[in-house]
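Atoms considered below: every heavy atom in the structure, side chains included; atoms not considered: hydrogens, waters and symmetry mates. Each ligand, and each atom within it, is numbered from 1 in the order the structure gives.
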Amino acid sequence: MKYVKVINKHAQTLKRFLESNGLLDVSRKVAKDGEYVLFPVKKEFKQNFDFNISFEDLNTDFNRKKSYDELLREKLGSKADLVRHSFDVVGSIAVLEIPKEIDEYSKLIGEIFLKTHNNIRTVVKKVGGHKGEFRIQNFEVIAGENNLETVYVENGCRFKLDISKVYFSPRLGTERLRIASQVKDGESVLVMFSGYSPYPITILKHSNPSKVFAVELNPEAHKYALINKKLNHIGDELSLINGDVVVEVPKLVESYGKFDRILMPLPKTGNSFLKTAFKAVKPRGIIHFYYFLKEEEIPSKGWEIINSEAEKYKKSIKRIGHTICGQVGKRLYRVCFDFRVE
Ligand SMILES: C[S@@+](CC[C@H](N)C(=O)[O-])C[C@H]1O[C@@H](n2cnc3c(N)ncnc32)[C@H](O)[C@@H]1O
């Protein structure tokens, strides 16, 4: 690519000459090199000026936007090595994890991210881990709009949520589809700990159960579940209940009956709710139980927990299998155990 190079103070004179003679290549960008300006030209030409010009053939494409990595390296130098390259995108929001050692550069990293990623309007960094009963994560906006509500698409379903008010994990899409694909026609399904309803809605969009009940404690998550039910044009086949599963599930069993399938997506403390699930599942019904396990505990510890709870409530279980559905820490995994209650 041909450029004509001139010292700054004569750049305007040269530019006028190039323009009036149709020599300037307007499809390319003018570049700077210290005290020189490089004009993109269509071809070399002969002209006597009272200042010096030179022609250069450059392979550099000054039109190309610099990448995230290039800009990080330019602005942070060797500290760019500490920036994590994995991040989550939820609708128009990007969620970054920024290590302590480069925390002071958070805003700069956020700005660079925003500049180099189309469709992202807000960049946040995680602050701490998931907390409390509602399993909520704190965030700090480091670039872009101060708006934590967004809509994202997963498995053909649309979900609205505020990432600071409800639990969310955009990495569970494959797992939700795996469960949905097992649901048989006409089944009754109970989703405990249903959040903003990603599991119930995925199931109803991809399978044909007779009825899905969803129970969630966090009123904000329940509010978004109601919005998402409408957003996905779902009717009476989904009942959303805002409350504690320990209180609400026995009431459902009394008014509706037991369930063919129960989902338990609360991996941190789900074991203390197995009793509620065992009492609500039909004979030969299926339970999907999520739990966090260290690498060396997979799957034995999960089955031990399930068996010991089953014994307490005089149930026997038949293992279907286990699925590792995400790493959540160093050598720590989210595992789903699928089993039939005999
Ligand atoms: C790990 S999140 C999963 C949410 C949702 N299923 C998803 O995949 O995004 C667990 C959810 O369980 C809810 N929760 C915790 N304890 C509960 C209880 N006793 N009864 C009902 N929901 C509960 C929390 O508020 C949280 O939304």
Here the gap from Glu140 atom CD to Lys126 atom NZ, rounded to the nearest 0.5 Å, amounts to 15.0 Å

When you check the side-chain N and O atoms of Glu216 and Tyr167, is any donor under 3.5 Å from an acceptor? no

With a 4.0 Å heavy-atom cut-off (strictly under), which part of Ala221 contacts ligand 1: side chain, backbone, both or neither? neither

Strictly distance-based, threshold 3.5 Å: is any side-chain N or O of Ser207 a donor or acceptor partner for the main-chain N or O of Leu204? no

Between the candidates Tyr290, Tyr196, Phe193, Tyr199, which shows the shortest non-hydrogen contact distance to atom 12 (O) of ligand 1? Phe193

For the pair Glu175 (side chain) and Leu172 (backbone), establish whether a donor and an acceptor sit closer than 3.5 Å, ignoring hydrogens and angles. no

Examine the proximity of ligand 1 to Arg176 and report which part, side chain or backbone, both or neither, has a heavy atom under 4.0 Å away. side chain

Enumerated ligand 1 atoms positioned under 4.0 Å from heavy atoms of Phe273: 19 (N)

Does the ring centre of Tyr68 sit less than 6.0 Å away from the ring centre of Phe87? no

Ile109, Phe139: one ILVMFWY side-chain cluster at the under-4.5 Å cut-off? no

Can you name the atoms of ligand 1, numbered from 1 with element, that are less than 4.0 Å from a heavy atom of Pro198? 7 (C), 8 (O), 9 (O)

Would Asp244 count as a contact of ligand 1 if the rule is a heavy atom under 4.0 Å away? yes

Does the ring center of Tyr333 lie less than 6.0 Å from the ring center of His322? no

Nearest non-hydrogen protein atom to atom 22 (N) of ligand 1, with distance, is Leu217 N, 3.2 Å

Distance from atom 15 (C) of ligand 1 to nearest protein heavy atom, with residue and atom: Glu133 O, 3.2 Å

In this structure, does ligand 1 have an atom that sits under 4.0 Å from one of the heavy atoms of Gly243? yes

Quick one: nearest non-hydrogen protein atom to atom 27 (O) of ligand 1, plus distance? Glu216 OE1, 2.9 Å

Can you check which of Pro265, Gly195, Ser169 brings a heavy atom nearest to atom 3 (C) of ligand 1? Pro265

Within the side chain of Ser92, is there an N or O that forms a donor-acceptor pair under 3.5 Å with the backbone of Arg121? no

Among all protein heavy atoms, pick out the one at the shortest distance from atom 20 (N) of ligand 1; state its residue, atom name and that distance to 0.1 Å. Val245 N, 3.0 Å

Judged by non-hydrogen atoms, does Ser194 sit under 4.0 Å from ligand 1? yes

Does any N or O in the side chain of Arg261 come within less than 3.5 Å of the main-chain N or O of Val189, such that one atom is a donor and the other an acceptor? no

